[in-house]
Chemist: 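For reference, the structure I am asking about is given below.
Sequence lines set the chain letters: A, B, ... in the order given, protein chains first and strands last, and positions in each chain run from 1. Since we're looking at a predicted model, the values are computed, not measured.
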2 protein chains.
Amino acid sequence: MSTPGRGLHGRVLDTLGPAITAGEYPPGSVLRTDELAQRFEVSRSVMREAVRVLESMHLVESRRRVGVIVRPAAAWNVYDPQVIRWRLAGADRPRQLRSLTVLRSAVEPVAAALAATHATAEQCAAITECALGMVAHSRGHKLEGYLLHDVAFHRLILTASGNEMFARLGDVVEEVLAGRTHHEVMFDDPDPAAVTLHVQVAEAIREGDATRAEHLTREITEGALKELDILAPNGRPATTG
Amino acid sequence: MSTPGRGLHGRVLDTLGPAITAGEYPPGSVLRTDELAQRFEVSRSVMREAVRVLESMHLVESRRRVGVIVRPAAAWNVYDPQVIRWRLAGADRPRQLRSLTVLRSAVEPVAAALAATHATAEQCAAITECALGMVAHSRGHKLEGYLLHDVAFHRLILTASGNEMFARLGDVVEEVLAGRTHHEVMFDDPDPAAVTLHVQVAEAIREGDATRAEHLTREITEGALKELDILAPNGRPATTG
DNA sequence: AGCCCATTACGTAGGACTAATTCAAGCCCT
DNA sequence: AGGGCTTGAATTAGTCCTACGTAATGGGCT
C-alpha cells in the first residue's frame with residue numbers, strides 16, 4: 001500500500017505488526033529479541049530497529065532482563081496509519097471499521113463547517129468537481145470511479161477545514177471508503193440520496209453556509225453508520241430488548 | 001513526562017524530535033546518520049534506532065546515498081502523543097493548542113452522547129464524582145485540584161463512549177487542559193458557568209439523555225474555543241471585516 | 001545526449017562487552 | 001522456626017564497533 005518494504009526491518013514489521021495487532025500474542029506475552037531475529041532470519045541490529053518502531057507505536061515495551069512485552073490494546077497508537085492498516089487487515093476489522101466511522105461522524109461535520117468558512121475559491125471548485133464526478137459515476141456499476149471522487153471529496157473538505165488534525169484523517173477516510181467498496185458487500189450502485197447530499201454539501205461550502213454544510217455532512221456520516229449497522233448489526237452484541 | 005529516557009536513543013529523540021517539530025530543519029533538509037551520531041556522542045546503531053522512530057512518525061525519510069531527509073509538516077503523524085508533546089513544547093504552541101481544541105470540539109460532544117448511552121453505573125458515578133470535585137475546587141485558588149478533576153472528567157467520558165479512538169484522545173485533552181492551567185494565563189478561578197455545565201453533563205449522562213449531553217458538552221468546548229480566541233485572537237490572522 | 005562507473009551514505013551482519021533487573025539462595029532478626 | 005531482608009548469580013536487553021553489502025547520485029567519458 002503505502003511503504004511496502006522500506007528495508008529489512010520493514011519486512012519484519014509487515015509480519016510482526018499484523019500478528020500483534022491481531023491479538024496473536026496476548027497482552028503481557030514476552031518475546032525475545034534474538035529469538036525473533038532468528039525466526040525472521042535477520043541480524044539483531046535489524047530486529048532491534050523493528051522493535052524500536054513497535055515500541056514507538058506503543059505496541060510493545062522492551063525491558064531488560066525480561067524481553068519485549070506485548071502491551072494491551074488500550075495502549076496502542078490507534079491513530080497511527082500503519083496500525084490502522086494492520087488492524088483493518090486483521091480479524092477485528094468490523095469493530096475497527098465501526099470505530100473509524102464513528103470518528104468520521106464526529107469530525108467530518110465540524111470539518112465541513114470550517115471548510116465553508118475557510119475554503120479558497122480553488123478548493124470550492126475542486127470540491128464541487130468531485131461531487132459532480134460522483135454524480136457522473138453513480139449509475140451503471142462505475143464503483144471505482146465513484147470511490148475515487150468520493151475519497152477526493154472528503155479529503156478536500158478535511159484539508160479545506162484548515163485544521164491539520166482534520167486534514168490528517170484523509171487517509172482514514174480513504175481506508176474506510178475503500179474498504180466499503182472492496183471488502184464489504186456494496187450495493188450495485190450507491191444510494192442516490194447520498195449522492196445528492198454530497199452535491200448539496202458542495203453547494204453549502206461554496207455559499208459559505210457553515211451550518212448547512214455541517215448538518216448535511218452529519219446526514220452523510222449518519223448514513224454511513226446506518227449502513228454499517230445493516231452489514232454488521234450491533235458493534236457490541238447488545239441483546240435487543 | 002511519560003517516558004523520559006528509555007535508553008540512549010530516547011535521549012537523542014528528546015533533543016532531535018523537538019528540534020525537527022520546531023521547524024529548526026526546514027523540509028528537505030538533509031541530515032547524515034554518522035554526523036548526528038558524532039554530534040550526540042552515540043554509536044551509529046543507537047542513532048539508527050532513533051532515526052527509525054522518527055521515520056515511523058513520518059518526521060523524516062531515510063534515503064540511500066542521500067541521508068535522512070526532513071519531511072514537510074503535512075506528513076507528520078500529528079496524532080502521535082510524542083509528536084504532540086514536542087510541538088506543544090515548541091514555538092508554534094498556540095497554533096497547536098488551537099488545532100487540538102478544535103478537535104476536542106468535534107469529538108467530545110459525540111463522545112458524551114455515546115457515553116450517555118453506553119456508560120456503566122460505575123462510570124456514571126465516577127463522572128459525577130469528578131464534576132462534584134470540580135465544584136469543590138472551583139473557588140479559592142485551588143487550580144491544581146480543579147485541573148485534576150477536570151482532566152479525569154473528560155477522560156472518563158471519552159472512555160465511557162466505548163470508542164477506542166475517542167478514548168485515546170484522553171492524553172490530548174490532558175495536555176490541553178494542563179497547558180491552559182500552567183502555561184497560559186489562567187483566571188484566578190474557573191468560570192462558574194463552565195463548572196455548572198460540567199455538573200449538568202454528568203447529570204445528562206447519568207439520565208441517559210444523549211442529546212442533552214451532546215449539546216451541553218458542545219457548550220463546554222465552544223467555551224474553550226472562545227477562551228483561546230481571547231488569549232490568542234485569530235488562529236490565522238484574519239482581517240476582522 | 002546517453003551510458004558507465006566511482007563515490008558516498010545508508011543497510012546489514014555479527015561479535016564483544018556493559019548494565020540493569022529478576023529470582024533465589026542465604027542470612028539475620030524476631 | 002518463620003518471615004523478611006540482603007546479597008549475588010543468571011539472564012536479557014543495551015551499547016559499541018568493525019566490516020562489508022548495496023543502491024542512488026553525479027561526474028566523466030564516449
Chemist: Looking only at side-chain N and O atoms, does Arg48(A) come under 4.0 Å of OP1 or OP2 in dG14(D)?
Modeler: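 For Arg48(A), the contact criterion (side-chain N or O under 4.0 Å from OP1 or OP2 of dG14(D)) is met.
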Chemist: I'd like to know if Glu55(A) pairs up with Arg52(A) as an ion pair, taking the criterion as any Lys NZ or Arg NE/NH1/NH2 lying under 4.0 Å from an Asp or Glu carboxylate oxygen.
Modeler: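 Between Arg52(A) and Glu55(A) there is a salt bridge, with a charged N closer than 4.0 Å to a carboxylate O.
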Chemist: Side chain to side chain contact (heavy atoms under 4.5 Å, CB included), that's the test. Do Glu144(A) and His137(A) meet it? Break it down for me.
Modeler: CA-CA 8 Å; Glu144(A) 283 306 322; His137(A) 293 80; over 6 Å; no
Chemist: Sequence neighbours excluded and cut-off under 3.5 Å, please list the side-chain donor-acceptor pairs for residues 19-33 of chain B, or say none.
Modeler:
residue, atom, partner, partner atom, Å
Thr21(B), OG1, Gly17(B), O, 3.0
Thr21(B), OG1, Pro18(B), O, 3.2
Tyr25(B), OH, Arg39(B), NH2, 3.2
Ser29(B), OG, Pro26(B), O, 2.5
Arg32(B), NH2, Glu35(B), OE1, 2.8

Chemist: Of Glu49(A) and Val66(A), whose nearest nucleotide on DNA chain C comes first from the 5' end?
Modeler: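 Closer to the 5' end of DNA chain C: Glu49(A).
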Chemist: Assign Arg44(B) to base, sugar-phosphate, or nothing according to its heavy-atom contacts below 4.0 angstrom with the strands shown.
Modeler: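 Here Arg44(B) touches the bases of the nucleic acid.
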Chemist: Measure the distance from CZ on Arg64(A) to P on dA9(D) and round it to the nearest whole Å.
Modeler: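 Computing the Arg64(A):CZ to dA9(D):P distance gives 20 Å.
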Chemist: Starting at CZ of Arg65(A) and ending at P of dA9(D), how long is that distance when rounded to a whole Å?
Modeler: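 Rounded to the whole Å, the gap is 14 Å.
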Chemist: For chain B and DNA chain C, what are the first and last nucleotides along the strand, 5' to 3', with at least one atom under 4.0 angstrom from a heavy atom of the protein chain?
Modeler: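 Counting from the 5' end, contacts occupy dT7(C) to dT12(C).
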Chemist: Go through it in stages, so that I can follow the logic: the residues are Leu103(A) and Tyr79(A), the test is side chain to side chain contact (heavy atoms under 4.5 Å, CB included), and I'd like the CA-CA distance, side-chain angles, deciding distance and then a yes or no.
Modeler: CA-CA 11 Å; Leu103(A) 178 66; Tyr79(A) 286 91; 3.9 Å; yes
Chemist: As a quick check of understanding, evaluate side chain to side chain contact (heavy atoms under 4.5 Å, CB included) for Leu100(A) and Met165(B), giving each step before the final call.
Modeler: CA-CA 7 Å; Leu100(A) 294 173; Met165(B) 307 291 289; 3.6 Å; yes
Chemist: Would you jot down, in residue-number order, the residues of residues 28-43 of chain A having a non-hydrogen atom under 4.0 Å from DNA chain C?
Modeler: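 Going residue by residue through residues 28-43 of chain A, the ones with a heavy atom under 4.0 Å of DNA chain C turn out to be Val42(A), Ser43(A).
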Chemist: So which atom in Trp76(B) and which in Arg168(A) form the shortest heavy-atom distance, rounded to 0.1 Å?
Modeler: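 Between these two residues, the closest heavy atoms are O-NE, 3.0 Å.
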Chemist: Quick one: closest heavy-atom pair of Leu143(B) and Pro190(B), and the distance?
Modeler: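 Leu143(B) and Pro190(B) have their closest heavy atoms at CD2-CD, 4.2 Å.
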Chemist: Think Ser62(A) has a side-chain N or O under 4.0 angstrom from the OP1 or OP2 of dG14(D)?
Modeler: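 True: Ser62(A) side-chain N/O within range (under 4.0 Å) of dG14(D) OP1/OP2.
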Chemist: Between atom CE in Met47(B) and atom P in dC17(D), what is the gap in whole Å?
Modeler: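 About 15 Å, once rounded to whole Å.
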Chemist: Judged by modelled atom types alone, do Glu108(B) and Thr217(B) share a side-chain donor-acceptor pair under 3.5 Å?
Modeler: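 Looking only at side-chain atoms, Thr217(B) and Glu108(B) do not form any donor-acceptor pair under 3.5 Å.
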